[in-house]
Amino acid sequence: MQTHFTEEDLKKPHIREADRVLRSCVHCGFCNATCPTYQLLGDERDGPRGRIYLMKEMLESQDDDAQVTEETRLHLDRCLTCRNCETTCPSGVEYHKLLDIGRAEIERRVPRAVPDRALRYGLRKALVEPQRFKALLKLGQTFKPLVPGALKAKMPPAPIDAGARPATGQHARQMLILEGCVQPGLSPNTNAATARVLDRLGIGLTPAPEAGCCGAIDFHLNAQDDGRARMRANIDAWWPHIEKENGEAGVEAIVQTASGCGAFVKEYAEMLADDPDYAAKAERVSELAKDLVEVLRDESLDALTVRDTRKLAFHCPCTLQHAQQLGGAVETVLTRIGFALTPVQDAHLCCGSAGTYSITQPELATQLRDNKLNNLEAGNPEVIVTANIGCQTHLAGANRTPVRHWIEIVDEALTRSTSDGLRAAIST
């Protein structure tokens, strides 16, 4: 794609990056074929190619250009950032990087109305602090009849009890785990189940309670400086466990059980590349970042073999299959362990969760969720499993088939198998 930036424009780092991404696009339109919003709306401006043109025109124009309006922002807001288009693109266009630049630019040029700004600010403040989120969640569950309609539908029931985690320091092999921001409140059993399963493989989890939200919520709600501040805080929390001063080996990996967090932490190196104090540390963190399935797929899973007759349908989050390029990995691990999976049509399409998208774009998110559930339920599974807390909560909000994190089902099956074995031994 031809661009028309001036030499003065190209001195700005964000314009140089935008120019690089734009020039890789050959506007073939293959991306529209797999874009969820284009499929729903049929509007060129609600597909990747149309949004690329909108961002190109905006970035090449002057600040006072009357054509850059709220309508431009609407089409950028409707993008899920699912990155399905990147998986489809034959030219390797890094669309999400251009979108981050375009959204920051439209935010600067066309300020949002006060109610919209208040909603986004409220989401950032409510979601990113785990203890605050837990308190607000408990309050909402207690007074659910009084919660406004849109939020009431998002209010989940009380979570499954997490149970006990193995004692720390038992194993020579140690990994860090990102506890997350909303997951400890919505599904505390996810990380507890992870600790128990990894314990069976001789892997311990080193706690780093100072690490909090990965920064994705701030960053994708256009508070990018706040997002980078959270990245630095997490690096500071993890670093003593990565580079130990006493000569001991550091942790093997930083494990994420939410694929959205995993995709974001793996990009710390890129997003802090210009920070002289954190660039090298961020690169090391991104190298160590692993989704949970990356840990398990490289291990012998003999200790995890189960006999579970429940049929499962796996929803592969966009952040796992498109951002991290790990499509099929969880399905392979579950099959190796002994689970039966039902086929899922259009598994590449987004469920509509997309971070805070299900709150900021509820109508589109609901359509996408219902379409996704129809495909997931076609094989009559007893449980739907996924790998991201946002997808899990969004899909479960329809109150149809139960939705869990896949590691919880593994942990339950292992616990049941152990109990059955003990009972059989006692009986014998």
Side-chain angles (χ1 to χ4, degrees), residues 13-14 17 20 83 86 94 96-97 100 128 130 168-169 171-181 183-184 190-191 194-195 198 201-220 223-299 317 319-320 322-326 329 387-388:
H14 71 289
E17 178 70 352
R20 181 188 68 81
R83 296 172 64 171
E86 293 186 13
E94 294 177 290
H96 74 285
K97 294 183 178 180
D100 285 340
V128 297
T168 58
H171 302 293
R173 297 180 65 187
Q174 291 290 312
M175 298 181 180
L176 291 165
I177 188 168
L178 177 63
E179 296 291 347
C181 47
Q183 188 164 276
T190 298
N191 284 350
T194 298
L198 291 181
L201 297 175
I203 300 170
L205 293 179
T206 299
E210 300 85 359
C213 176
C214 67
I217 290 175
D218 282 319
F219 198 87
H220 294 309
Q224 296 180 356
D225 289 341
D226 288 349
R228 287 191 173 90
R230 293 191 184 280
M231 297 178 215
R232 297 183 186 100
N234 287 344
I235 291 171
D236 289 341
W238 290 328
W239 200 250
H241 306 289
I242 296 172
E243 296 290 339
K244 294 191 174 183
E245 295 180 359
N246 57 9
E248 294 180 20
V251 293
E252 287 184 36
I254 305 170
V255 182
Q256 290 86 40
T257 54
S259 61
C261 299
F264 198 72
V265 175
K266 287 180 178 180
E267 292 186 346
Y268 275 20
E270 291 182 28
M271 290 183 282
L272 293 176
D274 296 327
D275 187 326
D277 296 324
Y278 282 87
K281 291 181 178 181
E283 185 171 358
R284 179 66 177 142
V285 163
S286 291
E287 289 172 355
L288 289 172
K290 284 189 176 184
D291 188 90
L292 174 60
V293 74
E294 292 180 276
V295 177
L296 291 186
R297 73 176 182 181
D298 294 334
E299 300 289 328
T319 44
L320 192 67
H322 302 307
Q324 298 191 62
Q325 297 294 300
L326 289 171
N388 189 55

Say you draw a straight line from CD of Gln325 to CZ of Arg83; how long is it, rounded to the nearest 0.5 Å?
8.0 Å
Which atom names give the shortest non-hydrogen contact between Pro207 and Pro209, and what distance separates them?
C-CD, 3.6 Å
Would you give the length of the straight line joining atom CE of Met175 to atom CG of Leu288, rounded to the nearest 0.5 angstrom?
10.0 Å
Between Phe264 and Met231, is a side-chain contact (heavy atoms from CB on, under 4.5 Å) present by the stated rule, with each step listed?
CA-CA 10 Å; Phe264 198 72; Met231 297 178 215; 3.6 Å; yes
Between Pro317 and Ala387 the two heavy atoms that sit nearest each other are CG-N, 3.8 Å
Atom pair CG (Leu205) and OG1 (Thr194), whose distance is rounded to the nearest 0.5 Å
7.5 Å
Rounding to 0.5 Å, atoms CE (Met271) and CG (Asp100) come to a distance of 8.0 Å
Phe219 and Arg230: side-chain contact (heavy atoms from CB on, under 4.5 Å), yes or no, with the steps?
CA-CA 10 Å; Phe219 198 87; Arg230 293 191 184 280; over 6 Å; no
With Thr257 as partner, the option from Thr190, Asn191, Asn388 fulfilling side chain to side chain donor-acceptor pair (under 3.5 Å) is Asn191
Using atom types as modelled and distance alone, determine if a side-chain donor or acceptor of Tyr268 lies under 3.5 Å from a backbone N or O of Arg284.
no
Asp275 with Arg228: basic N within carboxylate O range, under 4.0 Å:
no
Ignoring hydrogens and angles, tell me if any N or O in the side chain of Glu86 forms a donor-acceptor pair with the backbone of His96 under 3.5 Å.
yes
Rounded to the nearest 0.5 Å, what's the gap from CG on Leu176 to CH2 on Trp238? Could you check?
7.5 Å
So do Arg232 and Leu272 actually touch side chain to side chain, heavy atoms under 4.5 Å?
yes
CG (Asp298) and CG (Leu201) are apart, to the nearest 0.5 Å, by 11.5 Å
Quick one: does any side-chain atom of Gln324 pair with a main-chain N or O of Ser259 as donor and acceptor, under 3.5 Å?
yes
Shortest non-hydrogen separation from Asn234 to Ala211 and the atoms involved
OD1-CA, 3.4 Å
Between Glu179 and Ile177 (side chain of the first, backbone of the second, donor and acceptor by atom type, cut-off under 3.5 Å), is there such a pair?
no
What closest approach, in Å, do Cys214 and Leu178 show between heavy atoms, and which atom pair accounts for it?
CB-CD2, 3.9 Å
Just by modelled atom types, is the Asp225 backbone N or O under 3.5 Å from a matching donor or acceptor in the Asp218 side chain?
no
For Arg297 and Ala329, the nearest pair of non-hydrogen atoms, with its separation, is NH1-CB, 4.5 Å
Considering all heavy atoms, the nearest Pro130-Gly180 contact:
CG-O, 3.6 Å
Take Ile203 and Glu252 through the side-chain contact (heavy atoms from CB on, under 4.5 Å) test and state the conclusion after the steps.
CA-CA 10 Å; Ile203 300 170; Glu252 287 184 36; 5.7 Å; no
Under 4.0 Å between a side-chain nitrogen and a carboxylate oxygen: does that hold for Glu94 and Arg20?
yes
Taking the basic N atoms (NZ, or NE/NH1/NH2) and the acidic carboxylate oxygens, is any pair closer than 4.0 Å for Lys290 and Glu299?
no
Heavy-atom side-chain contact between Ile242 and Val251 under 4.5 Å:
yes
Residue pair Asp226, Val128: steps toward the side-chain contact (heavy atoms from CB on, under 4.5 Å) verdict
CA-CA 11 Å; Asp226 288 349; Val128 297; over 6 Å; no
